[in-house]
Amino acid sequence: MLDPILLRNALQETADKLATTRGLTLPVADIETLEIERKALQIETQELQASRNRVAKEIGQRKSKGEDAKDLLTLAAAVPEKLKATEDRLTEIQERLLHILERVPNIPQSSVPLGNDESANVEVRRVGTPRQFDFPVKDHVELGADGGLDAEAGARLSGSRFTVLRGSIARLHRALAQFMLDVHVNEHGYLEHNVPLLVSPASMHGTGQLPKFGEDLFEVPYGTRLLAIDGNALSALRNALMRNDKTDTLSLVNGIAADAGLKALPRLPIGLWEDLQHPEALVATLHRWLWRRMYLIPTAEVSLTNLYADQIVDGESLPQRLTAHSLCFRAEAGAAGRDTRGMIRQHQFEKVELVQIARPDQSEAQLEEMTAHAETILRKLELPFRTMLLCSGDMGFASAKTYDIEVWLPSQNTYREISSCSNCEAFQARRMQARFRNATGKTELVHTLNGSGVAVGRALIAVMENYQTADGSIRVPSVLRPYLRGAEFA
RNA sequence: GGAGAGGUGGCAGAGUGGUCGAAUGCGCCGGAUUCGAAAUCCGGUUUACGGUUCCGCCGUAACGUGGGUUCGAAUCCCACCCUCUCCGCCA
């Protein structure tokens, strides 16, 4: 989340920046109107509260002295109703501002090249030379066709984008994960973690997956009870929506909640109102807002970074380096038809994640360090790669600067992403209130960084394809042999 | 799943309707004492937002979360979340 101060003091400037870098149009006029209203309402609210407090205190003092306070009581009786109305309006305005703000992406650093898509990314390094093959190159699907890499079995169990690994390929996969973790822990100074794969909506919000990118996630309801919604209740709700009647909508929604034994909403959140504008997804929307739920992490970044949510750490202890090997789950909703062959793009995959928590003065250097840490894995595996500085339009929502590392895939005769290292600056920290105490004793938001170190499934593919032999076996990279009882071939 | 206890400032811990943003202790910062240190003594020590005659002051909010009662809520009521103990079940 951007600093709300930007919307107050530098709105146009911020909007311009987002337009040129992200190609995004900020609703400047709306924000301005809301801000003016917010300010007026806040002052009004606070004045009412102050007068309420004064009178209440006076009553208390008189009563403790045994004096009469009847006149004050009649005077005070009118205040609560008026105050409640003002408070409610203020809450709504603040909610609407937050609704906009939490959907605005981070502003790229000035060193980030401008561009709309990957064609504007800049290559900063190229390491290793792709091997020359004196036989027809097979892709990983063909190399795993003996059953080592079984997409058909995966599909039978779960559907498309799932793969079963077997035998030496499964072991190679495991060896890769072990190797990466060992390098980062023993040579790069990261603290090994094993983290929850299921996290709360709050955690997803903290790293920026929610509220905007829920469709990319797997959502898990508590229990197996279905949310059955009475048809009459649904059509009544549709009716209220058509009439644009918020009061009715809220009471109908709460009626449905009560029928299902779920807790009622105290007021109609702006986000729910907006979701309800899509009547075709009514049931799903109600489910999401009324049902308690968890999410499968799309990356261990979510779990690792959120360890610092609502924490205040000592500035002297930064930067902190954390790593975890974890499963990752992605719905890949926007990638239909892309990378359907092989295990490049799966709903479930493994990754060794790197996270750093840094002071603002450190984060730029730490991004370079972390990217180098990820590259080290590929260097040790002797896989050719190139490092790309992503352009402004190709970066993720929370990032201020991102390097992608792309590994050489001979079957595709190109480099494919195997790691992404980002500096999110205070964007995530602000959402999750992750802070440190600086030298003067004041609290300040930390900077958060995350990077893949690296994607295990894609590393497996890269090893298979780059290390293939004429007879279709895989030579084992020397750094992995200790993990495979010294085996030379897999 | 059943029974019970509890969630308060960096930590510990008091506070059961009114001058409580909150006693006390620890920690931390500054000062005194000392050749220096320890001990001791004195003072200070939450965060966010708003206002301002802006480096000072004024106001508002926050005692797990969200509602409610009340002129007034950390304190009373309701719902939920979380933690701990015991029992049951379980990888």
Side-chain angles (χ1 to χ4, degrees), chain A residues 1 3-9 34-84 86-95 97-98 101 194 196-203 205 222-225 250-251 253-254 257-258 260-269 271-272 289-294 306 308-317 426 429-446:
Chain A
M1 203 165 76
D3 192 339
I5 297 294
L6 287 176
L7 297 194
R8 287 179 209 153
N9 299 341
L34 285 168
E35 262 305 325
I36 291 167
E37 205 171 338
R38 193 219 92 235
K39 196 160 180 171
L41 277 169
Q42 184 162 342
I43 292 169
E44 192 186 342
T45 306
Q46 293 187 353
E47 274 168 4
L48 282 168
Q49 286 167 331
S51 74
R52 174 203 62 191
N53 291 349
R54 267 196 307 275
V55 175
K57 196 175 234 179
E58 176 72 22
I59 292 171
Q61 280 169 350
R62 283 206 206 168
K63 285 209 168 174
S64 66
K65 285 187 231 152
E67 296 173 14
D68 179 66
K70 210 161 245 169
D71 53 326
L72 287 176
L73 281 172
T74 33
L75 183 78
V79 177
E81 197 183 351
K82 198 169 158 197
L83 180 58
K84 179 84 168 68
T86 323
E87 277 175 338
D88 284 352
R89 272 201 299 151
L90 178 61
T91 306
E92 195 196 323
I93 298 293
Q94 284 173 327
E95 210 173 78
L97 277 165
L98 184 65
L101 189 59
N194 188 289
L197 307 180
L198 278 167
V199 300
S200 66
S203 293
H205 198 271
Y222 267 64
T224 54
R225 193 160 46 129
L250 178 62
S251 66
V253 167
N254 279 336
L262 301 170
K263 86 169 179 183
L265 301 168
R267 68 173 164 276
L268 189 64
L272 172 57
W289 282 87
L290 298 174
W291 203 259
R292 213 179 137 213
R293 64 201 188 281
M294 305 262 269
N306 274 293
Y308 291 83
D310 299 313
Q311 300 291 306
I312 301 172
V313 298
D314 181 3
E316 290 296 307
S317 72
R430 186 170 293 111
R431 290 173 162 251
M432 63 174 79
Q433 286 301 300
R435 293 170 295 174
F436 72 98
R437 212 169 280 286
N438 67 22
T440 67
K442 282 279 160 204
T443 56
E444 227 180 297
L445 295 169
V446 298

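To find a chain, count down the sequence lines: A is the first, B the second, and so on, and within it residues start at 1. Please read all numbers here as calculations on a predicted model, not as lab measurements.
Here the straight-line distance linking atom CD of A/Q94 with atom OG1 of A/T91 works out to 6.0 Å at 0.5 Å rounding. Distance CE/A/M432 to NE2/A/H205: 10.5 Å, rounded to 0.5 Å. In this structure, CD on A/E35 lies 7.0 Å from CG on A/L7, to the nearest 0.5 angstrom. Atoms CG and CD, from A/L445 and A/Q433 in turn, are 6.0 Å apart once rounded to the nearest 0.5 Å. Between the CG atom of A/L34 and the CG atom of A/L41 there is a distance of 10.5 Å, given to the nearest 0.5 Å.
A gap of 26 Å separates the C1' atoms of B/G21 and B/C80, to the nearest Å. Distance noted for atom C1' between B/C71 and B/C57: 29 Å (whole Å). One C1' atom belongs to B/C20, the other to B/U46, and the distance between them is 15 Å to the nearest Å. Taking atom C1' in both B/G17 and B/G72, the straight-line distance is 8 Å, to the nearest Å. Across B/G6 and B/A14, the matching C1' atoms stand 15 Å from one another, rounded to whole Å. Look at the P atom in both B/G25 and B/C63: the space between them is 25 Å, to the nearest Å. When the C1' atom is compared between B/U83 and B/G27, the two are found 25 Å apart, to the nearest whole Å. With both ends at atom C1', the span from B/C81 to B/C41 equals 46 Å, rounded to whole Å.
Atom P of nucleotide B/G51 and atom CG of A/L48 are separated by 17 Å, given to the nearest angstrom. Rounding to whole angstrom units, CG of residue A/D310 and C1' of B/U46 are separated by 15 Å. If you take CG of A/N254 and P of B/C80, they are 14 Å apart, rounded to a whole angstrom. Atom-to-atom, CG of A/L83 to C1' of B/U70 comes out at 13 Å; the value is rounded to the nearest Å. Rounded to an integer number of Å, the gap from CD of A/Q433 to P of B/A48 is 8 Å. To the nearest angstrom, C1' of B/C54 lies 15 Å from CG of A/N9. As a whole-Å value, the separation of A/R38 CZ from B/G51 C1' is 12 Å. The interatomic distance linking A/L265 (CG) with B/C81 (P) rounds to 15 Å, in whole Å.
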I'd like a list of close polar pairs between nucleotides 57-67 of chain B and the protein, N/O only, cut-off under 3.5 Å.
{"unit_1": "B/G59", "atom_1": "N2", "unit_2": "A/Q46", "atom_2": "OE1", "d": "3.2"}
{"unit_1": "B/G59", "atom_1": "N2", "unit_2": "A/Q46", "atom_2": "NE2", "d": "3.3"}
{"unit_1": "B/U60", "atom_1": "OP1", "unit_2": "A/N53", "atom_2": "ND2", "d": "3.4"}
{"unit_1": "B/U60", "atom_1": "O3'", "unit_2": "A/Q49", "atom_2": "OE1", "d": "3.3"}
{"unit_1": "B/U60", "atom_1": "O2'", "unit_2": "A/Q49", "atom_2": "OE1", "d": "2.6"}
{"unit_1": "B/A61", "atom_1": "OP1", "unit_2": "A/R52", "atom_2": "NH2", "d": "2.7"}
{"unit_1": "B/A61", "atom_1": "OP2", "unit_2": "A/N53", "atom_2": "ND2", "d": "3.4"}
{"unit_1": "B/G67", "atom_1": "OP1", "unit_2": "A/R267", "atom_2": "NH1", "d": "3.0"}

Would you tabulate the nitrogen or oxygen pairs shorter than 3.5 Å linking the protein to nucleotides 9-20 of chain B?
{"unit_1": "B/G18", "atom_1": "N2", "unit_2": "A/A56", "atom_2": "O", "d": "2.7"}

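Counted within 6.0 Å of CG on A/N9, heavy atoms from surrounding residues, nucleotides or ligands total more than 12; the atom is thus considered enclosed.
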message = Please evaluate residues A/L250 and A/L272 with respect to the criterion side chain to side chain contact (heavy atoms under 4.5 Å, CB included), reporting the C-alpha separation (whole Å), side-chain torsions for both, the decisive distance (0.1 Å), and the verdict.
response = CA-CA 10 Å; A/L250 178 62; A/L272 172 57; 5.9 Å; no

remark   = Base-pair string, RNA chain B, Watson-Crick plus G-U, cut-off 3.5 Å on both distances, | for inter-strand, is ((((((((.[[[..)..(.....]]]((((((.......))))))(((((((...))))))).[[[[[..)....]]]]])))))))....

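Across every non-hydrogen atom of A/E95 and A/R267, the tightest pair is OE2-NE, 3.6 Å.
Applying the salt bridge (charged side-chain N to carboxylate O under 4.0 Å, His left out) criterion to A/D88, with sequence neighbours excluded, gives A/K84. Checked against salt bridge (charged side-chain N to carboxylate O under 4.0 Å, His left out), A/R89 has no partners two or more places apart in sequence or in another chain.
Salt bridge absent: A/E58 and A/R54 never bring a charged side-chain N and a carboxylate O closer than 4.0 Å.
A close approach under 4.0 Å does not occur between any side-chain nitrogen or oxygen of A/K39 and OP1 or OP2 of B/C49.
The side chain to side chain donor-acceptor pair (under 3.5 Å) pairs that include a residue from residues 40-50 of chain A are A/R38-A/Q42, A/Q49-A/E87, where partners are two or more places apart or lie in different chains.
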